[in-house]
Amino acid sequence: MLRSLEKMIRLWIAALQFSELFVSSLVHLLYGFYIFSTAVAGDLSQALSNLQSKPNMSIEVKDVVAQRDPSANGSLPPIVLVHGIFGFGKGRLGGLSYFAGAEKKDERVLVPDLGSLTSIYDRARELFYYLKGGRVDYGEEHSKACGHSQFGRVYEQGHYPEWDEDHPIHFVGHSAGAQVVRVLQQMLADKAFKGFENTNENWVLSITSLSGAFNGTTRTYLDGIQPEDGKTLKPICLLQLCRLGVIIYDWLDIPWLKAYYNFGFDHYNMTWKKVGVRGLVDCLLGNSGPFASTDWILPDLTLQGSARLNSHLHSFPNTYYFSYATKRTRKVLGVTVPSSIFGIHPLLFIRVLQMSQWRHPPDVPPPYKGYRDEDWQDNDGALNTISMTRPLLPIEHPSRFVKDDSDCHPLQPGIWYYKIVEADHIFFIINRERAGVQFDLIYDSIFERCRKHVFRKTPQTLPNETHH
């Protein structure tokens with residue numbers, strides 16, 4: 001009788017797990033299709049509009065481009081917006097904006113297109129060459145260890161070739177994009193780019209994080225990464241389905257489709273022309289490709305992976321740091337639950353609930369000394385709120401909590417100022433209408449800080465400044 005009861009319980013749990021996997025997969029697939037179809041519909045509408053008013057529109061478009069040309073105002077350091085996981089930059093998904101049009105708030109903004117699922121390391125390398133120009137060099141040692149080409153995309157002309165200590169940059173990173181910028185700054189400090197021996201940490205003037213993935217997220221375990229090592233995947237999980245889909249997408253190598261959206265694994269050469277059917281089978285079985293080497297973004301977002309990254313990253317005394325941490329949970333009778341039903345995106349509601357109830361397996365060593373489940377219960381559906389505040393693992397960096405942006409003026413460099421915002425993880429991207437007035441309040445504050453409150457004490461040589 002007891003064995004029968006245990007068997008029924010196991011079957012019931014398995015049924016619930018498969019049901020959750022089905023629902024999560026369906027929701028993610030539908031949302032991805034919605035974003036893709038929205039971008040296509042927007043492009044078709046724009047193309048039709050251009051055909052109907054061709055004589056006038058050609059002039060207007062040129063005027064707008066001239067006004068938004070990043071080099072038009074050489075007196076201002078650029079503000080670089082760095083997207084997160086599954087994100088995209090300018091030029092992908094047609095006219096759709098990852099940052100929901102926030103880039104239009106300033107005349108000198110850059111929105112790079114980086115790998116949407118590539119590792120933090122690879123994305124940091126890509127970001128450097130996007131700005132300085134040249135062929136992306138992932139480094140010989142790293143490339144051999146991970147089994148991909150050493151060189152990637154070529155930027156004939158960098159988007160800010162004058163970038164150096166005298167011409168520093170403001171960075172704004174969403175989600176994993178914030179950690180990408182931190183890794184890039186450390187690479188600059190370590191002079192890690194061959195042929196650029198004059199780099200240092202002062203090339204970065206400020207880093208603003210919007211729901212930044214500094215210390216990892218327990219969602220990686222819910223989506224399928226084993227908490228034992230923070231690297232390998234469970235046999236059946238959401239990330240396994242994602243892995244299979246990405247491999248097939250890259251292997252098919254449909255030019256117009258990849259030009260529209262690219263996961264960023266071109267340097268792995270997984271196309272049918274290069275690896276054939278046997279190569280596809282190897283990738284699907286996990287014998288080759290990025291998912292075999294863990295050189296992709298999800299292992300970097302586990303608590304263990306983030307601690308490994310952070311152990312080599314510093315906060316520097318001449319750089320200004322500000323972080324907006326988001327949360328969509330609250331306490332009810334001592335229990336952490338979602339703070340609302342309609343205020344959370346359908347894509348994230350299930351995960352808000354699951355993350356608020358996450359418990360680290362008791363038979364698995366904790367990811368760090370002093371770990372407590374209750375510290376990681378507040379979340380925004382993708383990241384834990386504690387992870388977004390400031391770098392904590394394995395060592396906490398200097399920080400200061402602020403309730404209002406004005407509380408931290410004048411800003412001091414080398415300190416992580418952080419603020420907690422009631423919002424889910426995609427509140428301030430893709431769909432501007434969701435955030436309403438908060439969208440403008442947040443981004444106006446970010447851009448104002450970059451332009452009015454962040455500066456170096458030593459005089460800067462501004463871009464395109466004329467010397468007499």
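Throughout, residue positions are numbered sequentially from 1 according to the sequence presented. All values derive from a computational prediction rather than experimental measurement. What's counted below: heavy atoms across the whole structure, side chains too, no hydrogens, waters or symmetry copies.
Residues Ile446 and His170 are not in side-chain contact: their nearest non-hydrogen atoms beyond the backbone lie 4.5 Å or more apart. Side-chain contact between Phe99 and Phe428 is absent, with no heavy atoms from C-beta onward closer than 4.5 Å. Between Pro290 and Met270 the shortest side-chain heavy-atom distance falls below 4.5 Å. Between Val275 and Trp251, the closest side-chain pair of non-hydrogen atoms falls below 4.5 Å. At a threshold of 4.5 Å between non-hydrogen side-chain atoms, the residues Trp203 and Ile169 do not count as touching. Within the 4.5 Å cutoff, no side-chain heavy atoms of Thr218 are placed close to those of Gln377. Annotation: side chain of Phe316 is not in contact with side chain of Pro413 (no heavy-atom distance under 4.5 Å). Two residues are said to be in side-chain contact when any heavy atoms from C-beta on lie closer than 4.5 Å; Asp424 and Thr326 fail this criterion.
Ionic pairing of Lys90 and Asp113 is not present here: no N-O contact between side-chain nitrogen and carboxylate oxygen is shorter than 4.0 angstrom. A salt bridge between Lys273 and Asp253 is absent, with no side-chain N of the basic residue lying under 4.0 Å from a carboxylate O of the acidic one. In this structure, Asp444 pairs ionically with Lys105, as a charged nitrogen and a carboxylate oxygen lie closer than 4.0 Å. The pair Arg308-Asp300 does not meet the salt-bridge criterion, since no charged nitrogen lies less than 4.0 angstrom from a carboxylate oxygen. The pair Asp380-Lys327 does not count as a salt bridge, with every side-chain nitrogen at least 4.0 angstrom from each carboxylate oxygen. The pair Asp440-Arg432 meets the salt-bridge criterion, since a charged nitrogen lies less than 4.0 angstrom from a carboxylate oxygen.
Below 30°, between 30° and 60°, or above 60°: for Tyr443 and Phe447 the angle between ring planes is between 30° and 60°, a tilted geometry. In this structure, Trp163 and Phe128 have tilted ring planes: the angle between them lies in the 30° to 60° band. Note on ring orientation: taking the six-membered ring where Trp is involved, the planes of Tyr130 and His159 are parallel (angle under 30°, cut-offs 30° and 60°).
Counting only N and O atoms by type, the side chains of Glu201 and Thr319 include no donor and acceptor under 3.5 Å apart. Judged by distance alone, the side chains of Tyr371 and Asp373 do bring a donor and an acceptor atom under 3.5 Å apart. Between the side chains of Tyr418 and Ser209, not a single donor N or O lies within less than 3.5 Å of an accepting N or O. Side-chain contact check for Arg92 and His83: no donor-acceptor pair (N or O, by modelled atom type) lies under 3.5 Å. Side-chain contact, Asp229 with Thr232: a donor N or O sits under 3.5 Å from an acceptor N or O. When only modelled atom types and interatomic distance are considered, Ser288 and Asp282 share no side-chain donor-acceptor pair under 3.5 Å. With 3.5 Å as the limit, one finds no donor-acceptor pair spanning the side chains of Tyr221 and Gln226. Side chains of Tyr268 and Ser293: a donor on one and an acceptor on the other come within 3.5 Å. For the residue pair Ser149 / His267, no side-chain donor-acceptor distance below 3.5 Å is found, with atom types taken as modelled. Between the side chains of Ser315 and Trp416, at least one donor N or O sits under 3.5 Å from an acceptor N or O. Side-chain N/O atoms of Thr217 and Ser387 include no donor and acceptor closer than 3.5 Å. The closest side-chain donor-acceptor pair between Ser119 and Asp295 falls under 3.5 angstrom.
With Phe322 as the aromatic partner, Arg449 meets the cation-pi criteria of under 6.0 angstrom to the ring centre and within 45 degrees of the ring axis.
Each of Tyr98, Phe263, Tyr260 was scored for a ring pair (Phe, Tyr, Trp, His ring centres under 6.0 Å) with Phe88, with one residue passing: Tyr98. Of the residues listed (Arg182, Glu396, Gln179, His314), the one engaging Pro391 in a side chain to side chain contact (heavy atoms under 4.5 Å, CB included) is Arg182, and it is the only one. Checking each of Lys194, Arg125, His142, Gln150 against Asp137 for a side-chain hydrogen bond (donor to acceptor under 3.5 Å, both in side chains) leaves exactly one that passes, namely Gln150.
Considering all non-hydrogen atoms of both residues, Ile85 and Leu298 come closest at CD1-CD2, 3.4 Å.
Within 6.0 Å of CD in Glu374 there are more than 12 heavy atoms belonging to other residues, nucleotides or ligands. In Leu244, the CG atom is crowded: over 12 heavy atoms of neighbouring residues, nucleotides or ligands sit closer than 6.0 Å. Within 6.0 Å of NZ in Lys231 there are 12 or fewer heavy atoms belonging to other residues, nucleotides or ligands. Other residues, nucleotides and ligands place no more than 12 heavy atoms under 6.0 Å from the CZ atom of Arg278.
For His425 and His174, the ring centers sit closer than 6.0 Å to each other. Phe291 and Phe265 have their aromatic ring centers within a separation under 6.0 angstrom.
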Practice task
Could you go through the side-chain contact (heavy atoms from CB on, under 4.5 Å) check for His148 and Asp122 one step at a time?
Solution key: CA-CA 11 Å; His148 62 68; Asp122 286 359; 3.9 Å; yes
